[in-house]
K.L.:
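Let me begin by handing over the structure; questions about it come next.
Reckoned from all heavy atoms, side chains included, excluding hydrogens, waters and symmetry mates. Convention: sequence-line order gives letters A, B, ...; per-chain numbering from 1.
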Amino acid sequence: MRVVRQFWEKDVLEVAPALIGKMLVRRWRSGEEKRWLITEVEAYRGEEDLACHARSGRTKRTEVMYQPGGRVYVYLIYGKYWMLNVVTGKENQPQAVLIRGVEGSNGPGKLGQRLGLDKSFYGEDINLSLRLWIEDGKERKLKIERIRRVGVEYAGRWAEKLWRWKLDQIES
DNA sequence: ACAAAGATCCGT
DNA sequence: CGGATCTTTGTA
């Protein structure tokens, strides 16, 4: 079952860890459908978070982060990789979760490649999309580790926040 | 208008 | 550890 709209409208620090263990689903035009267990996510939270793109306020790129949670936020990094994020929180609360990894994937850039992401996904409503959405995973106990975010050393004290969550193991 | 840097990845 | 590659943002 696709996660409910209200799931995304909560604070990113609540949504991000709750995403671990859920299923990322991609449906292609051909009808082929693939799903992966989400294993690693990062939270980006508000204009005060100097690692967050919204640090520079409302711009063409960050506009979607000011929308209510549940929109897809994609952006191109280093001219090559599309990064997959989902906006969280209420309207005018710029936040997003970066989906860094699924079971069997290497990094967020490679994940974007596997999903065939591009600019057209920007702003897509993940509650309604027919090509990309999130579903509940199996009910099971997960061991999750909480660590620092990657590649945000420039963000001073914000770089120290333990705003990355990674699946450590599945406890049966 | 221009320069700088980037939520990455790969090869050395 | 440096380069690729191009978009976004800050500065003039």
Side-chain angles (χ1 to χ4, degrees), chain A residues 7-26 34 36-90 92-126 129 132-134 144-168:
Chain A
F7 174 84
W8 303 107
E9 293 174 358
K10 289 181 264 183
D11 191 279
V12 69
L13 295 182
E14 187 176 341
V15 178
L19 268 180
I20 302 292
K22 297 223 176 324
M23 305 302 292
L24 173 63
V25 188
R26 173 76 164 102
K34 279 194 177 167
W36 300 270
L37 185 75
I38 296 174
T39 58
E40 188 177 349
V41 299
E42 264 175 10
Y44 289 88
R45 187 173 186 270
E47 295 180 348
E48 66 273 22
D49 174 7
L50 296 183
C52 179
H53 288 161
R55 64 182 175 270
S56 38
R58 203 164 186 146
T59 65
K60 191 176 173 198
R61 178 169 70 162
T62 61
E63 166 61 28
V64 73
M65 297 182 82
Y66 290 79
Q67 302 300 313
R71 305 301 187 91
V72 174
Y73 169 41
V74 290
Y75 65 91
L76 189 65
I77 187 72
Y78 294 102
K80 209 177 265 185
Y81 304 100
W82 288 96
M83 308 289 276
L84 174 61
N85 300 252
V86 185
V87 174
T88 66
K90 301 182 186 133
N92 290 321
Q93 239 179 4
Q95 311 183 334
V97 189
L98 168 63
I99 299 182
R100 292 189 60 90
V102 297
E103 209 166 32
S105 81
N106 295 25
K110 297 306 290 283
L111 175 61
Q113 284 181 343
R114 279 173 74 182
L115 294 171
L117 298 183
D118 60 47
K119 192 177 190 165
S120 74
F121 284 82
Y122 183 92
E124 185 132 326
D125 188 339
I126 208 160
S129 176
L132 186 67
W133 66 91
I134 309 287
I144 298 168
E145 66 177 319
R146 192 174 171 183
I147 46 193
R148 288 167 61 137
R149 294 179 291 183
V150 176
V152 296
E153 295 313 311
Y154 59 83
R157 72 181 182 89
W158 296 95
E160 298 165 25
K161 298 281 181 191
L162 303 182
W163 286 359
R164 176 157 60 114
W165 290 266
K166 194 173 179 182
L167 179 59
D168 195 42

K.L.:
Base, sugar-phosphate, or nothing for A:Arg149, non-hydrogen atoms under 4.0 angstrom?
P.N.:
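Result for A:Arg149 = nothing.
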K.L.:
Would a 4.5 Å heavy-atom cut-off, applied to side chains only, mark A:Leu132 and A:Leu24 as touching?
P.N.:
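A side-chain contact exists here, since the closest heavy-atom pair is under 4.5 Å.
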K.L.:
Any strand is fair game: report the nucleotide pairing with B:dA7 by Watson-Crick or G-U wobble, both distances under 3.5 Å, or none.
P.N.:
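Paired with B:dA7, as far as the under-3.5 Å criterion goes, is no nucleotide at all.
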K.L.:
Can you tell me how far CE of A:Met65 sits from OH of A:Tyr44, rounded to the nearest 0.5 angstrom?
P.N.:
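Reported to 0.5 Å precision, the distance equals 9.5 Å.
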K.L.:
Looking at B:dA7 and A:Tyr44: do their rings stack (centroid distance under 5.5 Å, interplanar angle under 30°)?
P.N.:
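Stacked: centres under 5.5 Å apart, planes under 30°.
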K.L.:
What is the pairing partner of C:dT5, taking Watson-Crick or G-U wobble pairs with both distances under 3.5 Å in any strand?
P.N.:
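Partner of C:dT5: none.
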K.L.:
Can you tell me how far P in C:dT5 sits from the matching atom in B:dC2, rounded to whole Å?
P.N.:
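It works out to 22 Å between them.
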K.L.:
Between P on B:dA7 and CG on A:Leu50, what's the gap in Å once rounded to a whole number?
P.N.:
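For the pair A:Leu50 CG and B:dA7 P, the rounded distance is 12 Å.
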K.L.:
Tell me whether the side-chain N or O atoms of A:Tyr154 pair up with the base of B:dA5 as donor and acceptor below 3.5 Å, since no angle test is needed here.
P.N.:
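Side chain to base: no pair present.
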K.L.:
Side-chain N or O of A:Arg164 less than 4.0 angstrom from OP1 or OP2 on B:dA7?
P.N.:
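Checking A:Arg164 against B:dA7: no side-chain N or O falls below 4.0 Å of OP1 or OP2.
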K.L.:
Specify the separation, in whole Å, of atom CD of A:Glu153 and atom P of C:dC1.
P.N.:
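So the CD-P distance, A:Glu153 to C:dC1, works out to 13 Å.
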K.L.:
How far, in whole Å, is C:dG2 from B:dA5 if one measures between their C1' atoms?
P.N.:
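Looking at atom C1' only, B:dA5 and C:dG2 are 15 Å apart.
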K.L.:
Picking from A:Arg146, A:Arg100, A:Glu145, what satisfies side-chain contact (heavy atoms from CB on, under 4.5 Å) with A:Lys166?
P.N.:
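Only one of A:Arg146, A:Arg100, A:Glu145 forms a side-chain contact (heavy atoms from CB on, under 4.5 Å) with A:Lys166, namely A:Glu145.
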K.L.:
A:Gln93 side chain to A:Lys90 main-chain N or O, any donor-acceptor pair under 3.5 Å?
P.N.:
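Yes, A:Gln93 side chain to A:Lys90 backbone: donor-acceptor pair under 3.5 Å.
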K.L.:
Does the pair A:Glu42/A:Arg164 count as a salt bridge with the N-to-O cut at 4.0 Å?
P.N.:
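Looking at A:Arg164 together with A:Glu42, the answer is yes, because their closest N to O distance falls below 4.0 Å.
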K.L.:
Touch check for A:Asn85, heavy atoms < 4.0 angstrom, all strands: base, sugar-phosphate only, or nothing?
P.N.:
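Contact class for A:Asn85: base.
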K.L.:
Distance check needed: B:dA5 P versus A:Tyr75 OH, whole Å only.
P.N.:
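For the pair A:Tyr75 OH and B:dA5 P, the rounded distance is 18 Å.
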K.L.:
Could you check whether the rings of A:Trp158 and A:Trp163 sit parallel, tilted or perpendicular, using 30° and 60° as the cut-offs?
P.N.:
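If you compare the ring of A:Trp158 with that of A:Trp163, the planes turn out tilted.
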K.L.:
Please report the shortest heavy-atom distance between A:Leu111 and A:Ile99, naming the atom on each side.
P.N.:
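Closest approach of A:Leu111 to A:Ile99, heavy atoms only: CD2-O, 3.6 Å.
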K.L.:
Quick one, give me the B/S/- string for nucleotides 4-12 of chain C, reading 5' to 3', where B means a protein heavy atom under 4.0 Å from the base and S means that only happens at the primed atoms, P, OP1 or OP2.
P.N.:
BBBSSSS--
